[in-house]
Q: 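Submitted below is the structure of interest, expressed as structure tokens.
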Amino acid sequence: MRVSNNLSLVLLAAGVTAQSVEPETGKLGDATIVSNNPVGVVYKAVLPAEAWFKPVYPDGGNIEGEVTAVAAESGEGVVYTYKLSNLPKEGGPFPYHLHVAPVPADGNCTVTLAHLDPFIRGENTSCNPFAPQTCQVGDLSGKFGEIRPEEDGTWETTYTDLYSSTLEGLGSFFGNRSIVFHYPNKTRISCANFEKVEGGVSSSVTVLPTVTGNGSYTILPTGGVSTTTGGGPSTTSDAGAGTETTTSPPLSGAAGLRGSAVGALVVGAVVMFML
């Protein structure tokens, strides 16, 4: 199993070398390092028994295994560990990404929407792994290399992504979202939801707003949801197209707690004055 916290070593082990692609900053800037991830919180995504793209396994079956994600001991970034087997014998190397929406009960990987992209970078320009802060937060294979299975169909690796979050309320939080495995042509082979297995109760699933027609969502750095609808080109991944964008209020988090505390102080002051 490949294990390294050094990005250059991980990339070289995965067969990735320096690229000529210029880094592309997102509309909201580069991704920021998450340094306050709660220690001891563990999320896991276990792949289902059957693949979503059935032609890959005509006799039934799927990629087997799981992805475990835990905050680094320092709280800076997230350590991902992959233990996979029964990978397709042909068609690789295989990209994989964190996606915005969870997998529904029927296992339909196509409704997991776009890559997790809170800084609205888009994916028209390939990720430059030597400038990972300029990549989509969810483009894990772009930052650390695509899956190149061993001859026996297995693949195991561990790395630390500094831009992922296990802190609920941030746009880079993935604990209530999904991971999707693809062919290079973007065909979605299989997918699975992350669930909290240690450090507290399971995270609730994000309830996304409804859009009519073609549409897409973007989870913003603050945790808010940007909804794009219409008929123009999309600014986020492969989820849809649109020209009109609205942003919902941020999800509850530290900012929400501070707002509640201020409100409580104001009410308390009014009561004291009345007395």
Side-chain angles (χ1 to χ4, degrees), residues 1-7 10-11 13-14 31-48 63-85 87 94-103 109 112-119 127 129 132-133 135-147 154-182 190-206 219 221 223 251 253:
M1 180 175 69
R2 305 184 184 98
V3 181
S4 177
N5 287 329
N6 185 299
L7 176 59
V10 171
L11 293 172
T32 54
I33 293 175
V34 181
S35 58
N36 59 340
N37 285 314
V39 177
V41 176
V42 181
Y43 287 91
K44 183 178 291 187
V46 180
L47 288 160
I63 302 171
E64 298 173 2
E66 62 186 34
V67 182
T68 303
V70 58
E73 291 184 3
S74 63
E76 187 170 280
V78 172
V79 180
Y80 289 91
T81 300
Y82 299 79
K83 294 183 178 181
L84 305 177
S85 61
L87 285 151
F94 306 103
Y96 59 96
H97 315 96
L98 301 175
H99 280 239
V100 168
V103 183
C109 295
T112 59
L113 305 179
H115 303 164
L116 184 59
D117 188 19
F119 296 89
C127 164
Q133 72 278 8
C135 302
Q136 292 177 308
V137 169
D139 190 2
L140 296 177
S141 62
K143 289 182 277 189
F144 296 96
E146 298 170 330
I147 297 174
T154 62
W155 187 74
E156 296 186 7
T157 194
T158 295
Y159 56 73
T160 301
D161 180 50
L162 298 176
Y163 310 96
S164 293
S165 174
T166 56
L167 181 63
E168 297 185 49
L170 293 183
S172 52
F173 175 68
F174 62 89
N176 53 1
R177 311 193 199 286
S178 58
I179 186 166
V180 180
F181 297 88
H182 303 253
S190 188
C191 53
N193 289 330
F194 280 98
E195 295 184 1
K196 185 183 288 186
V197 294
E198 291 182 35
V201 297
S202 298
S203 298
S204 60
V205 172
T206 298
I219 304 299
L251 299 176

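Any value given below was found using the heavy atoms of this structure, including those in side chains, with hydrogens, waters and symmetry copies removed.
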Q: Can you see which heavy atom on P102 is nearest to which on T112, and at what distance?
A: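 So the minimum-distance heavy-atom pair works out to O-CG2, 4.0 Å.
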
Q: Tell me whether the rings of H182 and H115 are parallel (<30°), tilted (30 to 60°) or perpendicular (>60°).
A: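 H182 and H115: perpendicular rings.
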
Q: As an exercise, state the distance from CD1 of I63 to CZ of F181, rounded to the nearest 0.5 Å.
A: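 Output value for this atom pair is 6.0 Å.
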
Q: With rounding to the nearest 0.5 angstrom, report the OG to CD distance, S190 to E64.
A: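 These two atoms lie 10.5 Å from each other.
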
Q: Taking the side chain as everything from C-beta on, heavy atoms only, tell me whether K143 gets closer than 4.5 Å to C127.
A: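 Touching, per the 4.5 Å side-chain cut-off.
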
Q: What closest approach, in Å, do A45 and A192 show between heavy atoms, and which atom pair accounts for it?
A: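 That would be CB-CB, 4.1 Å.
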
Q: Identify the heavy atoms of V137 and A31 that sit nearest to each other, and give their distance.
A: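 V137 and A31 have their closest heavy atoms at CG2-CB, 4.1 Å.
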
Q: Verify whether the ring centers belonging to Y80 and F174 lie closer than 6.0 Å.
A: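 Ring centroids of Y80 and F174 are less than 6.0 Å from each other.
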
Q: Could you go through Y43 and F173, starting from their C-alpha distance and side-chain angles, then the distance that decides it, and tell me whether this counts as side chain to side chain contact (heavy atoms under 4.5 Å, CB included)?
A: CA-CA 11 Å; Y43 287 91; F173 175 68; 3.4 Å; yes

Q: Using modelled atom types only, decide if a donor and an acceptor are shared between the side chain of H97 and the backbone of D139 within a distance under 3.5 Å.
A: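 Such a contact is absent between H97 side chain and D139 backbone.
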
Q: Please check: side-chain N/O of N193 versus main-chain N/O of V103, any donor-acceptor pairing under 3.5 Å?
A: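 Yes, N193 side chain to V103 backbone: donor-acceptor pair under 3.5 Å.
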
Q: Would you please name every residue forming a side-chain contact (heavy atoms from CB on, under 4.5 Å) with E66, sequence neighbours left out?
A: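 K44, V46, T68.
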
Q: Output yes when a side-chain donor or acceptor of N37 lies under 3.5 Å from a complementary backbone atom of G77, and no otherwise.
A: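 A pair under 3.5 Å: yes.
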
Q: Under the rule for side-chain contact (heavy atoms from CB on, under 4.5 Å), what residues qualify as partners of T154, not counting sequence neighbours?
A: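 Counting only residues at least two positions away or on another chain, T154 forms a side-chain contact (heavy atoms from CB on, under 4.5 Å) with S85, E150, D152.
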
Q: Does any non-hydrogen side-chain atom of S165 lie less than 4.5 Å from one of V78?
A: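 Of all side-chain heavy-atom pairs linking S165 with V78, none is under 4.5 Å.
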
Q: Enter the distance from T157:OG1 to F144:CZ here, rounded to the nearest 0.5 Å.
A: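 So the OG1 of T157 and the CZ of F144 are separated by 9.5 Å.
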
Q: Which heavy atom of C191 sits nearest to which heavy atom of V180, and what is that distance?
A: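 That closest heavy-atom pairing would be CB-CG2, 3.8 Å.
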
Q: State, to 0.1 Å, how close G142 and P129 come at their nearest heavy-atom pair, and which atoms those are.
A: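 Looking at all heavy atoms of both residues, the closest pair is O-CB, 3.4 Å.
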
Q: Does a side chain donor of either S172 or S164 reach within less than 3.5 Å of an acceptor in the other side chain?
A: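 No, no side-chain donor-acceptor contact under 3.5 Å.
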
Q: Quick check against the 3.5 Å criterion: does K196 have a side-chain atom that pairs as donor or acceptor with the backbone of N176?
A: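 Between the backbone of N176 and the side chain of K196 there is no qualifying donor-acceptor contact (under 3.5 Å).
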
Q: Looking only at heavy atoms, what is the nearest atom pair of L87 and W155, with distance?
A: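 Looking at all heavy atoms of both residues, the closest pair is CD1-CB, 3.6 Å.
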
Q: For L162, check side-chain contact (heavy atoms from CB on, under 4.5 Å) against everything at least two apart and list the hits.
A: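 By the side-chain contact (heavy atoms from CB on, under 4.5 Å) rule, L162 matches I33, E76, T160.
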
Q: With rounding to the nearest 0.5 angstrom, report the CG to SG distance, L140 to C135.
A: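 Here the rounded value is 10.0 Å.
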
Q: Determine whether a donor-acceptor pair (N or O, by modelled atom type, separation under 3.5 Å) exists between the side chain of S141 and the backbone of Y96.
A: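 Checked: pair present.
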
